[in-house]
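These notes are about the structure you will find just below.
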Amino acid sequence: MKVSFYKNKVEIRELSEEFEPKHIFECGQCFRWNREEDGSYTGVVQNKVLNVKKSGDLIILNNTNKKDFESIWIDYFDLNRNYSKIKTRLSDSNLKNIVEFGKGIRILNQDEWETLVSFIISANNRILMIKRVIYNLSKNHGHFIGHYRGKEYYSFPTADKINQLSEKDLRLMKTGFRAKYIKDAAERVSKDKEWLYNLKDMSYDQALEEIKKIKGVGDKVGNCILLFSMKKHEAFPVDIWMKRIMEQVYNINGKPEEIRKKSETIFGQYSGFAQQYLFYYASQGKLKE
DNA sequence: CCACAGGGCGGCA
DNA sequence: TGCCGCCCTGTG
C-alpha cells in the first residue's frame with residue numbers, strides 16, 4: 001500500500017484488489033454510506049464527511065487530509081490487515097466463487113454506540129428502512145457537520161442526547177417498536193460509557209453476554225455489534241440470508257445458534273470475514289431458486 | 001384491502 | 001427450556 005497526501009485528498013495505491021467501495025459499503029455492515037452519481041460513495045464517520053472513489057487501481061479519499069487518514073481512516077477501513085491472506089485461507093472449493101464475488105470487502109471498525117443503535121434498528125427491518133431511520137435520527141438529533149456536493153450532513157446523536165428523548169420522540173423517527181429498546185440502550189450507555197467501550201477487551205463470549213443485556217439485542221444483533229465495532233472476528237451473525245446461503249453452500253439447516261456453532265468449526269478465527277462474503281453474495285441476488 | 005419481509009421479547013406451556 | 005404470537009413500517 002502506497003499513500004499520497006494532497007491538500008484535501010488522500011490517494012492509495014497498491015491496495016486495489018482488497019478495496020472495493022461497492023463491496024465494503026453494500027455488504028450489510030454500515031448504513032450511512034450512499035452512492036453518488038459518479039459511482040463514488042459519501043458517508044459520515046464521527047463528525048467527518050468522506051467521499052470514497054475507486055478509479056482504476058487508485059483509491060481516492062476526498063474531503064480529508066493526512067492527519068485524519070492517520071488518526072481515523074487507517075483504523076476505520078482496517079487498512080493494516082492483510083485481506084489477501086484471509087481470502088486465501090477461506091477459498092476452499094465451496095467458497096472460492098463467493099469470496100471472488102466480494103473480493104473487495106473489508107470489515108469496517110465503526111463506533112460502538114452508533115453500531116449498537118443501528119443494529120437495534122435493524123431488527124425485523126430492511127436495509128432501506130434502517131438507513132432512513134438513522135438519517136432521521138441524525139438530521140433531527142445529531143449536529144450539523146457541513147455541506148458536501150450540495151447535501152447537508154449530520155453526525156449521529158450521542159447516547160446523552162438520545163437519553164433526553166422520549167419514546168414518542170423516537171417513534172417520530174420511524175423506529176417503531178424498537179423505540180423503547182433504543183431508550184434502554186441510551187439510558188445504560190449515558191450512565192456508564194466505560195461499560196460499552198470496555199467490551200472490546202473482553203472475550204467474544206463475555207462481550208456477547210454483556211451486550212445482550214440491552215433490550216433489543218439478541219444473538220444476531222449482538223454478533224453484528226461485536227463484529228462491526230469491536231473487532232471480534234469470531235462473531236458470525238445469522239439472519240435469514242445467512243440461513244439460506246449456509247443451507248445452499250454447506251447443506252446446514254437449523255436454528256441460528258446451531259449454524260453459528262458450525263461456522264466456528266468450518267471457518268475458525270475467520271468466521272466473521274466468511275460471514276461478510278457469504279452475506280454479500282446472498283443479498284446481491286446470487287442465491288439459487 | 002391484504003400479504004409479506006424481517007429479530008427479539010415475553011407469556012405460556 | 002422451547003414455542004409462538006406480537007411488535008412497526010413500507011412495498012407490491
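Numbered from 1 within each chain, the chains take letters A, B, ... in sequence-line order.
OP1 or OP2 of B:dG6 lies within a sub-4.0 Å distance of a side-chain N or O belonging to A:Trp241. Distances shown here put a side-chain N or O of A:Arg244 below 4.0 Å from the OP1 or OP2 atom of B:dG6.
B:dG7 atom P lies 17 Å from atom CG of A:Leu116, rounded to whole Å. Regarding A:Asn125, its CG atom lies at a distance of 10 Å from the C1' atom of B:dA5, rounded to whole Å. Between the P atom of B:dG6 and the NZ atom of A:Lys243 lies a distance of 11 Å, rounded to the nearest Å. Remark: P of B:dC9 and CG of A:Asp184 are 10 Å apart, rounded to the nearest angstrom. Taking atom CD1 of A:Ile182 as the reference point, atom P of C:dC7 lies 18 Å away to the nearest angstrom. For the pair A:Leu128 CG and B:dG6 C1', the interatomic distance rounds to 14 Å; values are reported in whole Å. Atom CD1 of A:Ile130 and atom P of C:dT9 are 15 Å apart (whole Å). Between the CE atom of A:Met173 and the P atom of C:dG10 there is a distance of 12 Å, rounded to whole Å.
Side-chain rings of A:Phe279 and A:Phe236 stay apart, their centers remaining 6.0 Å or farther from each other.
Backbone-only contact: A:Val217 has heavy atoms under 4.0 Å from sugar-phosphate atoms and none from a base.
Nearest nucleotide to the A:Ile240 side chain, out of B:dG7, B:dC9, C:dG10: B:dG7. For A:Arg171, whose side chain is taken as the heavy atoms from C-beta onward, the closest listed nucleotide among B:dG8, C:dC7, B:dG10 is C:dC7. With B:dG8, C:dC8, C:dG10 as the choices, the nucleotide that has an atom nearest any side-chain atom of A:Arg178 turns out to be C:dC8. Here the nucleotide nearest the side chain of A:Ala123, chosen from C:dT9, C:dC8, B:dG8, is B:dG8. Candidate nucleotides C:dT9, C:dG2, C:dC8 were compared by shortest atom distance to the side chain of A:Lys174, and C:dT9 ranks first. Closest contact between the side chain of A:Asp239 and the listed nucleotides C:dC7, B:dG7, B:dA5 involves B:dG7.
A salt bridge (Lys or Arg N to Asp or Glu O under 4.0 Å) with A:Glu17 is found for exactly one of A:Arg106, A:Lys103, A:Lys54, A:Lys87, namely A:Lys103.
One side chain, A:Ser166 or A:Asp169, offers a donor N or O that lies under 3.5 Å from an acceptor on the other. Side chain to side chain, A:Asp205 and A:Ser203 fail the donor-acceptor criterion of an N or O pair below 3.5 Å.
Closest-nucleotide positions on DNA chain C for A:Arg132 and A:Asn124 were compared, and the one nearer the 5' end corresponds to A:Asn124.
At least one side-chain heavy atom of A:Leu116 sits less than 4.5 Å from a side-chain heavy atom of A:Val217.
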